[in-house]
Each structure stands twice: as structure tokens, then as C-alpha cells.
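Beneath this line is the structure, given in C-alpha cells, with notes to follow.
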Amino acid sequence: MDRTHRRIAALTGMAGAALLAAGPVMLLRGATGRKQIRTELAAQKIAFPEHGLPPELTPYAGRTVDTGQTAYAYSELIKDHLNHATGGRTYSEISNELMAGGGEDEEKLTELRQTAFMGETLRGSLMSAYQAWHLTTLVMGLGGLLTGLGTALVGTARALTKDN
């Protein structure tokens, strides 16, 4: 084996070893992150009602929120309730109305602003869990890919060493 082939084999083996080290770490970190999301969501004890859900959410009736998908679905339920309660207005829009002088409706607008604030905050928290769930999926997928690629590179390096 000439010097160039030895270098190529060594570099290929080192790259493979680095990927073999990184891949399982990513798989572990993704799985740990997913477990933390499940634990935190379960601690909130959020559950869909058995009845009265919008048609697109009826498959979730009675289910607890413990995954990214159920967190997203529940955030949609909150969105639906908020739109109904606020007439489709956001916290910011209601605050602007209040600051512009709510007049006789000032007390009602203050309560409505509080409702919008709480609903949008809860929805944002659930959307964060949903996004984190997707990130754990990405990290685990990349971890699997790096592990496979590392294995292939280490195998290639060994084959290059044996051939020459």
C-alpha cells in the first residue's frame, strides 16, 4: 500500500470513527429530549374533553396531551376557543383597543385581554413542545444517519487497508 492510499484509509477511518461517536450521542440526546417532553406534558395533566370537540379534533377525544402531535392538536383547540371568545382578535389588538380608550367596555376589554393573554401563552407553550418534538425527531434521524455513514466509512477504510 503506498503512502497516499494509507492516508486515504486513515482519514476515511478517522472520519468514520468520528461519525460513529457522534451518531449514537445524537440518538441518545434525541431520545432523552423526547422523554423530557413527554414527562413535562404529562405533568400538566392536559386532556381533551370527551365531547364537544371540533370535527377535526374528534380523534383526540379523551386523550391526554403527551406527544408533540397531541400538543399541537390541543393548541388548535385553544386557538378555536380564543377565536370564539375574542371574536378573532389577538391580545395585541385587544390591548390596542383598550389603550385607545375602551370607553364603556373598558372592564370587558380588560377581562378579554386577560383571556387572550392566557390563551395565547398556553398555546405558545404547547407549540414550543410541538417544535421541540420535531427537533428530537430530526436529531434522532441525523444520529441514525451519522451512525450508518460512520459504519460505512470504517468498513471502507478497513477494506482499503486489506486490499493493499
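Worth saying up front: this structure is predicted, and the values here are computed from it rather than measured.
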Scan the side chains in residues 115-124 for donor-acceptor partners under 3.5 Å anywhere in the protein, sequence neighbours excluded, and list what turns up.
| residue | atom | partner | partner atom | Å |
| --- | --- | --- | --- | --- |
| T115 | OG1 | E111 | O | 3.1 |
| E120 | OE2 | Y91 | N | 2.9 |
| T121 | OG1 | F117 | O | 2.7 |
| R123 | NE | S75 | O | 2.9 |
| R123 | NH2 | E76 | OE2 | 2.7 |

Taking only distance into account, with no hydrogens and no angle test, what donor-acceptor pairs under 3.5 Å do side-chain atoms of residues 136-149 form with protein atoms, sequence neighbours excluded?
| residue | atom | partner | partner atom | Å |
| --- | --- | --- | --- | --- |
| T136 | OG1 | R34 | NE | 3.3 |
| T136 | OG1 | R34 | NH2 | 3.3 |
| T136 | OG1 | W133 | O | 2.6 |
| T137 | OG1 | R34 | NH2 | 2.3 |
| T137 | OG1 | W133 | O | 3.1 |
| T147 | OG1 | G143 | O | 2.8 |

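To the nearest 0.5 Å, atoms CZ (R6) and OG1 (T161) are separated by 10.0 Å. Of the inter-residue distances, the one linking L11 atom CG with L153 atom CG reads 11.0 Å to the nearest 0.5 angstrom. Atoms CZ and OG1, from R38 and T64 in turn, are 9.0 Å apart once rounded to the nearest 0.5 Å. In this structure, L82 CG and T90 OG1 are separated by 10.0 Å, a value rounded to the nearest 0.5 Å. Atom CG of L53 is separated from atom CG of L77 by 6.0 Å, given to the nearest 0.5 angstrom. L126 CG to Q131 CD: the interatomic distance, rounded to the nearest 0.5 Å, is 12.0 Å.
For D105 (side chain) and K108 (main-chain N/O), no donor-acceptor pair under 3.5 Å exists by modelled atom type. Between the side chain of R89 and the backbone N or O of T86 there is at least one donor-acceptor pair closer than 3.5 Å.
Between P54 and D80, the closest heavy-atom pair is CG-OD2, 3.7 Å. Considering every non-hydrogen atom in both A71 and A129, the closest pair reads CB-CB, 4.3 Å.
For the pair L98/S95, no side-chain contact is recorded, criterion being any heavy-atom separation below 4.5 Å from C-beta on.
Applying the side chain to side chain contact (heavy atoms under 4.5 Å, CB included) rule to R63 yields the partners F48, Y60, T70; only residues at least two apart in sequence or on another chain are considered.
Note on I78 and L57: same hydrophobic cluster, where clusters join Ile, Leu, Val, Met, Phe, Trp and Tyr whose side-chain heavy atoms are under 4.5 Å apart, directly or indirectly.
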